[in-house]
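Given the structure is predicted, the values throughout are model-derived calculations rather than measurements. Throughout, protein chains are lettered first and strands after them, A, B, ... in sequence-line order, and every chain is numbered starting at 1.
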Amino acid sequence: MTAGAFIHPTAIVETESIGRDTRIWAFCHVLEGASIGQRCNIGDHCFVESGAVIGNDVTIKNGNSIWSGVSIEDGVFVAPGVVFTNDRHPRSPRLGAAAARYAGTDWLLPTRVGAGATLGAGSVILAGLTIGAYAFIGAGAIVTSDVPSFALALGNPARMKGFICRCGRQLELEGETAECAGCGLGFRRDGVTIAPVDASRRL
Amino acid sequence: MTAGAFIHPTAIVETESIGRDTRIWAFCHVLEGASIGQRCNIGDHCFVESGAVIGNDVTIKNGNSIWSGVSIEDGVFVAPGVVFTNDRHPRSPRLGAAAARYAGTDWLLPTRVGAGATLGAGSVILAGLTIGAYAFIGAGAIVTSDVPSFALALGNPARMKGFICRCGRQLELEGETAECAGCGLGFRRDGVTIAPVDASRRL
Amino acid sequence: MTAGAFIHPTAIVETESIGRDTRIWAFCHVLEGASIGQRCNIGDHCFVESGAVIGNDVTIKNGNSIWSGVSIEDGVFVAPGVVFTNDRHPRSPRLGAAAARYAGTDWLLPTRVGAGATLGAGSVILAGLTIGAYAFIGAGAIVTSDVPSFALALGNPARMKGFICRCGRQLELEGETAECAGCGLGFRRDGVTIAPVDASRRL
C-alpha cells in the first residue's frame, strides 16, 4: 500500500498504510499500525506511532511526533516544533507509584485536529482535546481546552482571540457577519462560534 | 555493560554505561561518558551528551537532548519537546567577544531532576536549577527557579500552583493535610513544602 | 567546497557550501542550495533548507530546522529547541482553500538574525522579523516583533526587558550610559536603543 509514496532512503516505515503521492522525508520513523493518507508531506525527523491517524493533504513540518491517540484530519498544517501529548498526568510508567495506572490504557486520551486546521510553531496541545476545523493555533500557544472551528487561539494558556478564514486570513466581523478580505468567503457568527454562510462550501 | 539493553540498529551508542533492560530507540545518539541506568526507555531522535547521568526506570520521550551537567534521578518522566540547558547566558563559543568565557567550564551550570518528577511537554528548564522529587512541571512551563518536591509549576515564567502526589494526581489540601484521592497516600504541608506523612513510604 | 569541514558519517549534506572547520553532527540534513560558513558547529538532528544562509562562527544546538528565508549572521548562538518559521499565516499548501496562496512565493517572509545574537532555548521566532546584533532572546520567548541590537527580550509575547553586552552579560544603566561589569565595554543609550561608545569595537 506504500506504492506511489516517496520514502526517503533513511526513513523507517513499518506500516503499509501510506497513501499515494505522500512523501516521508529523511530520518523519519513510522511505526506499524500508523496510518497516513494521500498527498501528505512529512518532514525530516518525524515520528508517527501505532494508532496515530493522519488524513489526506496534511503537511507535517520537521521533528514532530504524532502519538497513539492523535487523529489529524484532511488538510491540516502542523508547524515545526508542535508538541502533541496523549496523557494528562504523566509519570514514568516504570515508576513504582505509577505502575498501576499504566497497567491499562485509561491514561490514554485521544486528540482530534479538525480538517484544515493550523497548529502554529512551538504550540503544545494537551491530551484529550478537539481542535476544530480550520482553527488556527498561534505560535507558542499552550492549548489546554477545546478550540472551536475557525477560531484563533493564542497565549499560555491559549485564549480565543478572533476568527480565521479557511484560507488562513483573519476575519473582521461587522456585526454578526464577516466576509474574508482574502478569498471572499462569507461567515455568520452564532455566539462564540462562526461558520460559513454557505455551508455547502465549508470544505 | 550494554549487555541486556536493546539498542535500535540506527542508534549510535558510544558509552558502555547502559543498564540492563534499557531500550534506546531509532536515530538516538548517546555519547561516550554518558550514563543511563536500568529499565529506561529513550525515545527516537534523543541525544545524551558526555557527563549526563540518567538513573533507573526513567522515561524520555522523543527528540530530547540531555546535556552535560544534567542529572536525572530514578523514575523521572521527560515528556516530548522538553528543552534542557546548561548555560545561563549563552553566546556562541566561537564568537570573539565570548571566547574568554568558554576557555574554562565555569559557564556550565548543573541541573538536577529529582526522583519520580515529571517534566511536561514543551517545558524549558533553565540551567543551574533543581527540580524536586515528584514535582510536576506543566506543559509549556518555562522554569526559571528551583521547584520544591511534589510541587506543581505552570506558566511563563513558571509559578507554583499546587501539589501533586507521587502517583501523578493533584492533591486537595484540607488545612495542612491532604490524602491522595487516587492512591490514598497522606501528606502534611509545612509552609510552602509538602511531604508524605509516612516518610518511609516516600519512595 | 566541503574540504576542511567535518561531516558525521550519518549526516546527509547535499550542498557544496560548507566552510572550513565547520562540523556537521549526526543525523543532520543539509539541502542543496543551503550555505554554511566557517568554524560553525551544527548539532545532531538539525535540518538546513535550500536558501538558508548561515555565517561564520555560528553555533546551532541540536534539533533545529533552519528554513528557506532564514539568514543567520556571524557568531550567532541558536539554543536547543528554537523554532524558526517562514510563513505568518500557514495552511497546508495541499489544502484546496490555501492552494492559490502557495502557487507563488509571496507567503515566504525572510528572517534575519544579526551578528552575535543569542536565541534562547525553546524560543519561537515569527517569520519576517529582524533580530538585532547581539540581541538576547530569553528561553521560551515568543518573538512577534523586531528586536533591537543588544536588547534582552522575554515572555509570550516577547517584550524588551533590558540590554545585554556583546559578551552576554546584562548591562546596568547609570543614566544614559553603561559599562559592562564583565568585559568593560562602554555603551550609550539613545532612546530605546543602545550602542557601544566606541563603534570601532562593535564587532
Side-chain angles (χ1 to χ4, degrees), chain A residues 10-14 26-31 44-49 62-67 70 80-102 106-107 111 119 121-129 137 140-144 155-158, chain B residues 8-10 21-22 25-27 37-41 43-45 55-63 72 74-83 115-123 134 136 138-142 152 154-156 164-170 180 182-183 185 201-203:
Chain A
T10 61
I12 308 169
V13 173
E14 299 165 345
F27 306 120
C28 281
H29 191 185
V30 182
L31 299 193
D44 283 31
H45 304 109
C46 284
F47 173 84
V48 186
E49 199 170 37
N62 296 4
N64 286 305
S65 289
I66 315 298
W67 308 107
V70 176
V82 173
V83 187
F84 288 100
T85 60
N86 60 10
D87 185 356
R88 208 63 182 258
H89 306 288
R91 289 294 198 198
S92 177
R94 292 143 195 92
L95 177 71
R101 183 161 177 258
Y102 293 103
D106 286 354
W107 58 270
T111 298
L119 307 182
S123 61
V124 178
I125 314 297
L126 289 204
L129 300 180
I137 308 302
I142 311 298
V143 183
T144 61
N156 177 4
Chain B
H8 191 277
T10 60
D21 297 327
T22 281
W25 290 100
F27 306 120
Q38 301 181 10
R39 297 173 303 278
C40 293
N41 199 64
D44 283 31
H45 304 108
N56 300 318
D57 301 308
V58 170
T59 299
I60 298 182
K61 300 296 285 184
N62 296 5
I72 296 179
D74 295 349
V76 166
F77 180 80
V78 180
V82 172
V83 187
T118 292
L119 307 182
S123 61
Y134 300 103
F136 194 107
I142 311 298
L152 168 66
L154 300 175
N156 177 5
I164 298 279
C165 185
R166 295 185 318 177
C167 71
R169 189 111 168 199
Q170 191 161 357
C180 176
C183 71
L185 188 64
R201 292 185 56 195
R202 182 165 172 182
L203 287 170

Practice task
Report yes if the side chains of I164(B) and R91(A) come closer than 4.5 Å at any heavy-atom pair, otherwise no.
Solution key: yes

Practice task
Determine the option with the most heavy-atom pairs under 4.5 angstrom with chain A, choosing from I60(B), L154(B), N41(B), N156(B).
Solution key: N41(B)

Exercise for the section: Please flag which part of A79(B) lies under 4.5 Å from any non-hydrogen atom of chain A: side chain, backbone, both or neither. Expected result: neither

Practice task
Please report the shortest heavy-atom distance between S92(A) and V76(B), naming the atom on each side.
Solution key: CB-O, 3.5 Å

Handout entry: Crowding at CZ, R88(A) (>12 non-hydrogen neighbours, <6.0 Å)
Key = yes

Problem - Test side chain to side chain donor-acceptor pair (under 3.5 Å) applied to N56(B) - qualifying residues, sequence neighbours left out - result: none

Practice task
Might you point out which heavy atoms bring T85(A) and A121(B) nearest each other, and give the distance in Å?
Solution key: CG2-CB, 3.3 Å

Practice task
Could you list the residues that satisfy ring pair (Phe, Tyr, Trp, His ring centres under 6.0 Å) with F27(A), not counting sequence neighbours?
Solution key: H45(A), F27(B), F27(C)

Exercise for the section: Heavy-atom distances under 4.5 Å only: say whether V78(B) touches chain A with side chain, backbone, both or neither. Expected result: neither

Problem - Student check: side-chain heavy atoms of F47(A) and P80(B) closer than 4.5 Å - result: no

Problem - For N62(B) against S65(A), the heavy-atom pair lying closest together - result: ND2-OG, 3.2 Å

Exercise for the section: Please examine the side chains of T10(B) and H29(A), heavy atoms only from C-beta on, and report whether any two atoms are closer than 4.5 Å. Expected result: no

Fill in the blank from the handout: Heavy-atom closest pair (P93(A) atom, T59(B) atom, distance to 0.1 Å) is CD-OG1, 3.4 Å

Exercise for the section: Please flag which part of P157(A) lies under 4.5 Å from any non-hydrogen atom of chain B: side chain, backbone, both or neither. Expected result: neither

Problem - Winner by heavy-atom pair count (cut-off under 4.5 Å) against chain B, out of A100(A), P90(A), A98(A) - result: P90(A)

Exercise for the section: Identify the heavy atoms of I12(A) and A26(B) that sit nearest to each other, and give their distance. Expected result: CD1-CB, 4.1 Å

Problem - Shortest non-hydrogen contact from H89(A) toward G168(B) - result: CB-O, 3.6 Å

Fill in the blank from the handout: Per-residue tally against chain B (heavy atom, under 4.5 Å) across T144(A), D87(A), L126(A), I142(A) peaks at I142(A)

Problem - Separation between CZ of R101(A) and CZ of R169(B), rounded to the nearest 0.5 Å - result: 9.5 Å

